[in-house]
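Chain letters run A, B, ... following the sequence lines, proteins first, then strands; residues in each count from 1.
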2 protein chains.
Amino acid sequence: MTVAPPKKSRLSAGKRRALLEDAARACMARGGIREFTVDKIVAEAGVSRGLITHHFGSMDGLLVAVYSRMYDEWIAAISAPRQGLSRLESLVEALVSPALFSREVLNIWLTLWGEIANNPVLRAEHRARYSQYRESIAAALREAAPPGSGIDMDTVASAFICLVDGLGVQRCVDPDLLPETAARATCWALLSPHLTLGDKPVGNVRGMET
Amino acid sequence: MTVAPPKKSRLSAGKRRALLEDAARACMARGGIREFTVDKIVAEAGVSRGLITHHFGSMDGLLVAVYSRMYDEWIAAISAPRQGLSRLESLVEALVSPALFSREVLNIWLTLWGEIANNPVLRAEHRARYSQYRESIAAALREAAPPGSGIDMDTVASAFICLVDGLGVQRCVDPDLLPETAARATCWALLSPHLTLGDKPVGNVRGMET
DNA sequence: CCTGTTACTATACGGTAGTTCAATCACGAA
DNA sequence: TTCGTGATTGAACTACCGTATAGTAACAGG
């Protein structure tokens, strides 16, 4: 008797695209841009070489798709409310949570930044989306700031985003050197001077002390 | 009469190595890790393909050499004293000066971070040097801090380094969005709360206000 | 002048990059 | 069942990757 031939799985375009994006992210998380290659990705996904071009047109197309999903998931994660926490506190907790502040996720971001800086296609995509990111952080800051403080929260948001990016870089480069608690304390060290909510300070400023 | 044959220039190993490192840096500044290739670098340097292997053994060897020089020059720049400024103020001014805070230099750093995160050879080199960087910043901070403040300046230094890295990322990704003045203000916004030198605040904290 | 050392060139090689394309296969509509 | 659409394959293709190596040319020491 003959063995039944393995049924070829055939997915909708959307599902297959998502699978390829996942495979690409796994490769990037593992080895940065050097692992973002046709062969590595299709091996990870378990499909043939032609599929990437078929679904994304080119590797640049896949790169943009990966960036878009990373961005959307990032925004969703920092926007999710948390039990008993203010919007800004929820945001900071999300940023230092394992879901976002992991070596894998941050290595993907570090790789994407390197590409944004040098790849016009990806840079255009980034330009179109970045202002929304800053605005969502600025909104959380305004909510936490005393009214009429005269502080431009767009500027504070930009500074805070820089800090968050830098925390990501450090975490990638020296995974053990920057624990979640230190990251949280650093965030509040930058934010607190601009926020005097009620009588008691917001978050843990004293994390910076010995 | 015959034209005189062009005299083949022959340099000492050290000079040639430096030239190749410069060419490699120019390529990295132009296009990130994708331009860090044998062909691009030897074309930039105007030499033949074999020279890289001859002088550095491999591309990894050249990469480590580039990192080392970038690191040494960075340390030297932030350690240089400036007329009428304290050590910490000189350090911040150096960080936001065109020599360090340029798109070219920061693109090289962004590229190197991506490699450090994924290339064991470069990571080892980084590990061996990073603590010296943090220590030199912590020393400048201790000098500017009030005695007995109970603040761990190693921790503040780590936070500050994160911020500086993040400023670099932003500058690479959105060169126009982050002017020198904003970078300077952001640095002092993080540092000032930990430093109450004399009666007047250090640096320009009010750069954060409208 | 001779000779050893070494910077340097030029080319070859195997491997892998991204893309193209004709053929095939699975599924839904008619 | 038939047919067409579109997902999927797999090989071919050119270009480029990093490295190895044999040969050449310039310099230093004698």
Side-chain angles (χ1 to χ4, degrees), chain A residues 4-24 27-28 30-67 111 114-115 118-122, chain B residues 2-24 27-28 30-67 111 114-115 118-122:
Chain A
K7 197 63 174 283
K8 283 280 173 61
S9 66
R10 206 180 148 94
L11 301 181
S12 70
K15 296 242 177 209
R16 181 64 79 197
R17 286 170 64 100
L19 279 181
L20 284 169
E21 290 161 12
D22 288 341
C27 291
M28 277 173 112
R30 190 193 314 130
I33 198 64
R34 300 199 122 109
E35 295 279 323
F36 185 81
T37 70
V38 174
D39 290 298
K40 301 282 176 56
I41 293 166
V42 299
E44 176 81 26
V47 297
S48 66
R49 286 172 57 78
L51 258 198
I52 289 179
T53 308
H54 180 254
H55 282 296
F56 296 96
S58 69
M59 287 299 277
D60 267 4
L62 176 56
L63 196 58
V64 170
V66 167
Y67 172 82
T111 305
E115 282 300 300
N118 296 291
N119 183 328
V121 178
L122 201 57
Chain B
T2 59
V3 184
K7 197 65 176 274
K8 281 284 174 56
S9 68
R10 206 181 147 95
L11 304 180
S12 71
K15 296 244 177 205
R16 182 62 80 194
R17 286 171 64 101
L19 280 182
L20 284 169
E21 291 160 12
D22 288 341
C27 291
M28 279 173 112
R30 189 193 313 130
I33 199 64
R34 301 199 120 111
E35 295 280 323
F36 186 81
T37 71
V38 175
D39 290 302
K40 303 282 176 57
I41 293 166
V42 298
E44 176 80 26
V47 297
S48 67
R49 284 172 56 80
L51 257 198
I52 289 179
T53 308
H54 181 253
H55 283 294
F56 298 96
S58 69
M59 286 299 278
D60 267 3
L62 175 54
L63 196 58
V64 170
V66 166
Y67 172 83
T111 304
E115 281 301 298
N118 296 291
N119 183 328
V121 178
L122 200 57

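If you find the closest nucleotide of DNA chain C to A:Val38 and to B:Gly46, the one lying nearer the 5' end belongs to B:Gly46. When each of B:Ser12 and A:Phe36 is assigned the nucleotide of DNA chain C with its nearest heavy atom, B:Ser12 is the one assigned upstream, toward the 5' end.
D:dC27 atom C1' lies 17 Å from atom NZ of B:Lys15, rounded to whole Å. Taking atom CD on A:Glu35 and atom P on C:dT16, their separation rounds to 12 Å, with Å as the unit. Rounded to an integer number of Å, the gap from CG of A:Asp39 to P of D:dA11 is 13 Å. Here the P atom of nucleotide C:dG18 and the CZ atom of A:Arg34 are 13 Å apart, to the nearest Å. In this structure, the NZ atom of A:Lys40 is 15 Å from the P atom of C:dG15, given to the nearest Å. To the nearest angstrom, P of C:dG18 lies 15 Å from CZ of A:Phe56. In this entry the distance linking CG of A:Leu51 with P of C:dT19 reads 14 Å, nearest Å. Between the C1' atom of D:dC17 and the CD1 atom of B:Ile33 lies a distance of 13 Å, rounded to the nearest Å.
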Pair B:Leu20, B:His54 - check side chain to side chain contact (heavy atoms under 4.5 Å, CB included), show working. CA-CA 11 Å; B:Leu20 284 169; B:His54 181 253; over 6 Å; no
Step by step, work out the side chain to side chain contact (heavy atoms under 4.5 Å, CB included) result for B:Leu11 and B:Leu19. CA-CA 10 Å; B:Leu11 304 180; B:Leu19 280 182; 3.4 Å; yes
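Residue contacts for B:Ile52: at a heavy-atom cut-off of 4.0 Å it reaches no nucleic acid atom on any strand shown. At a threshold of 4.0 angstrom between heavy atoms, the contacts of B:His55 are confined to the sugar-phosphate backbone, with no base atom among them. At a threshold of 4.0 angstrom between heavy atoms, the contacts of B:Arg49 include nucleobase atoms, whether or not backbone atoms are also involved. A:Thr53 comes within contact range of at least one nucleobase, with a heavy-atom separation under 4.0 Å.
Of all nucleotides listed (C:dA10, D:dC17, C:dA17), C:dA10 comes nearest to the side chain of B:Ser48. Which of C:dG18, D:dT19, D:dC17 sits closest to the side chain of A:Met59 comes down to C:dG18. Closest to the B:Arg10 side chain, of the nucleotides C:dG18, D:dC27, D:dT9, is D:dC27.
In the interface, the side chain of B:Arg16 is not paired with the base of C:dC8 through any donor and acceptor atom under 3.5 Å apart.
In this structure, the side chains of A:Arg34 and B:Glu115 come closer than 4.5 Å at one or more pairs of heavy atoms. With a 4.5 Å cut-off on side-chain heavy atoms, A:Ile41 and A:Ile52 count as touching.
Between the A:Arg17 side chain and the A:His55 main chain, a donor and an acceptor come within less than 3.5 Å of each other.
Remark: B:His54 is not in phosphate contact with C:dC8, judged by side-chain N or O atoms under 4.0 Å from OP1 or OP2.
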